[in-house]
Novice: 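Mind having a look at this structure? Questions to follow.
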2 protein chains.
Amino acid sequence: MRRGLEFKKKARIIIVDDNYEHLSGIKELIEIESDFDVVATATSASVAISLIKKYRPEIVLMDINMPEKDGLTAIAEIEKLDLGVRIIALTGYDDPDLIFRAMKIGAKGYILKTMASAQLIYAIDEVAAGKIYLPAALSSRFFEYFQKSFREENQELSDEENLLNYLTQREEEVLDLLTQGITYKGVAQKLFISETTVKTHVNNIFQKLQVNDRTQAVLYALNNGFLNRRKVKIAI
Amino acid sequence: MRRGLEFKKKARIIIVDDNYEHLSGIKELIEIESDFDVVATATSASVAISLIKKYRPEIVLMDINMPEKDGLTAIAEIEKLDLGVRIIALTGYDDPDLIFRAMKIGAKGYILKTMASAQLIYAIDEVAAGKIYLPAALSSRFFEYFQKSFREENQELSDEENLLNYLTQREEEVLDLLTQGITYKGVAQKLFISETTVKTHVNNIFQKLQVNDRTQAVLYALNNGFLNRRKVKIAI
DNA sequence: AAAGATTTAGACCATATGGTTTAGAAATTG
DNA sequence: CAATTTCTAAACCATATGGTCTAAATCTTT
């Protein structure tokens, strides 16, 4: 086939699809059109996982639309095993949410069953070579979804509405320390001011943020873009 | 040029680059190789913004590496204006963090200055057509970064390490209410139990999470996957 | 049935936190 | 320079929160 892989180790592949027709179709296609080695196939995620543990393939082609255990959780589980298996997700349609979630949990590629066989082979080639591959069309859809989620989630408050913008420099510093779970005494020490001064600042913060206690102030800060060492969190 | 745009309205473009050499280079290239209409150029972000307000171009080519006001904040500001301008980011190197941040704040494309001119024209074509365009190489880098951030941030704690898993049902309920900024009294009312019972639960929670106060417990919960109505937050 | 964990709840006490007021020093702005 | 804002800090008090211990009722599990 294309791209001299003859001298490389042939990538070993496991294919997972609950539809046996599709499964054998893809298997044949790969065996005919490429140099890859289909070492096993599975029609359910749970079987697939034990096969993966057994054969340690380089690549797994995983259908996402399966009953019982769905493909996404299967991918998550396989990734958690940390066997270095590179998973390519496979579906019938380009639902951006599916694409987003698959890539998020670690899929190294995503292709549609409707795509040409050459595209499939190319994707496997790329992923086997250590890259992450999304066809341009899917990549475009992914980014639309990606950006939409940020638009919606991020700027739900305008600058005037975001009460954090009314805090003074010092109040921000105090609040920043509070969002790290530090007590008033600790804040006082860190900022080299007295504890009563901290209390004064804190009370002003409460007024400005319209909250009643430390926990609420911290929550307000975190939910409204207090740019700390904040962690990335997107619910699956 | 390629792709019959003759009958379409020619896309109007503004180019922003603090390096005048580059600026005129790109300008010439676009004027020669494509049908697009370069309506203005700017060597600073602030000038660019007023030009954009004035000319309302379809496309903006924005260099990211600029002194003074940097390109990313400029993009954010332009996006905030919500003029329907589609921004393509432009840099010398493929720093994945830059790519990630640019796409996050709404860039519709990202290309390297080192890329062939045909690639640039193609990118503009695609973006002008309403798509989001990232060359395969950059897309790959983006996803590596994207996935790494999730790996690091999400499963930094194993199930045994995540102290939240040692909480009982009831303790979880209490903690959940605490993460909503509710006081002990409020929790007692919501759960139809006495306030002293709440205190008992809370103290047990503190023991299990190895923290000393309510705020720290809430922070621990939020940072370790207490899957609430939590918002998507990634610091720019 | 016995053992164990969970949920409930009280007493008791110490301390941290929150509410309000006043006020001087320092920095900023007009 | 005068006016304003910010930062500092104290006094005073009320209440919420945290620490520790004990213990009964309920539920789970063996």
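So that the names make sense, note that chain A is the first sequence line, chain B the second, and so on, each numbered from 1.
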Novice: Whole-Å distance between D:dG19 C1' and B:Asn212 CG?
Specialist: 11 Å
Novice: Assess whether atom CD of B:Glu31 is packed by more than 12 heavy atoms of other residues, nucleotides or ligands within 6.0 Å.
Specialist: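 Yes, because the 6.0 Å sphere around CD of B:Glu31 holds more than 12 heavy atoms from other groups.
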Novice: Among side-chain atoms of B:Asn203 and B:Gln207, is any donor-acceptor pair under 3.5 angstrom?
Specialist: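 B:Asn203 vs B:Gln207: no donor-acceptor pair found between side chains.
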Novice: Grab the CG-P distance between B:Asn203 and C:dT8 for me, whole Å please.
Specialist: 15 Å
Novice: Starting at atom NZ of B:Lys185, determine the distance to atom C1' of D:dT17, rounded to an integer number of angstrom.
Specialist: 12 Å
Novice: Measure the distance from CZ on B:Phe206 to P on D:dT20 and round it to the nearest whole Å.
Specialist: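 For the pair B:Phe206 CZ and D:dT20 P, the rounded distance is 12 Å.
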Novice: What does nucleotides 2-13 of chain D look like as a protein-contact string, B for base, S for sugar-phosphate only, - for none, at under 4.0 angstrom between heavy atoms?
Specialist: ----SSBBB---
Novice: Which residue in the set B:Val38, B:Ile87, B:Leu51, B:Thr41 passes side chain to side chain contact (heavy atoms under 4.5 Å, CB included) when paired with B:Ile14?
Specialist: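 When side chain to side chain contact (heavy atoms under 4.5 Å, CB included) is applied between B:Ile14 and each of B:Val38, B:Ile87, B:Leu51, B:Thr41, only B:Leu51 qualifies.
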Novice: Tell me the interatomic distance from A:Asp213, atom CG, to D:dA16, atom P, rounded to whole angstroms.
Specialist: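 These atoms are roughly 11 Å apart.
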Novice: Rounded to the nearest angstrom, tell me the gap between atom CD1 in A:Ile205 and atom P in C:dG19.
Specialist: 13 Å
Novice: Heavy-atom distance under 4.5 Å between the side chains of B:Phe143 and A:Phe142, does that happen here?
Specialist: yes
Novice: Determine whether the side chains of B:Tyr93 and B:Thr114 contain a donor N or O and an acceptor N or O closer than 3.5 Å.
Specialist: no
Novice: Between A:Gln207 and A:Ile182, who's closer to the 5' end of DNA chain C by nearest nucleotide?
Specialist: A:Ile182
Novice: In whole angstroms, how far is the P atom of C:dT6 from the CG atom of B:Leu167?
Specialist: 10 Å
Novice: Distance only, no hydrogens: is a donor on one side chain within 3.5 Å (strictly under) of an acceptor on the other, for B:Thr197 and B:Ser194?
Specialist: yes
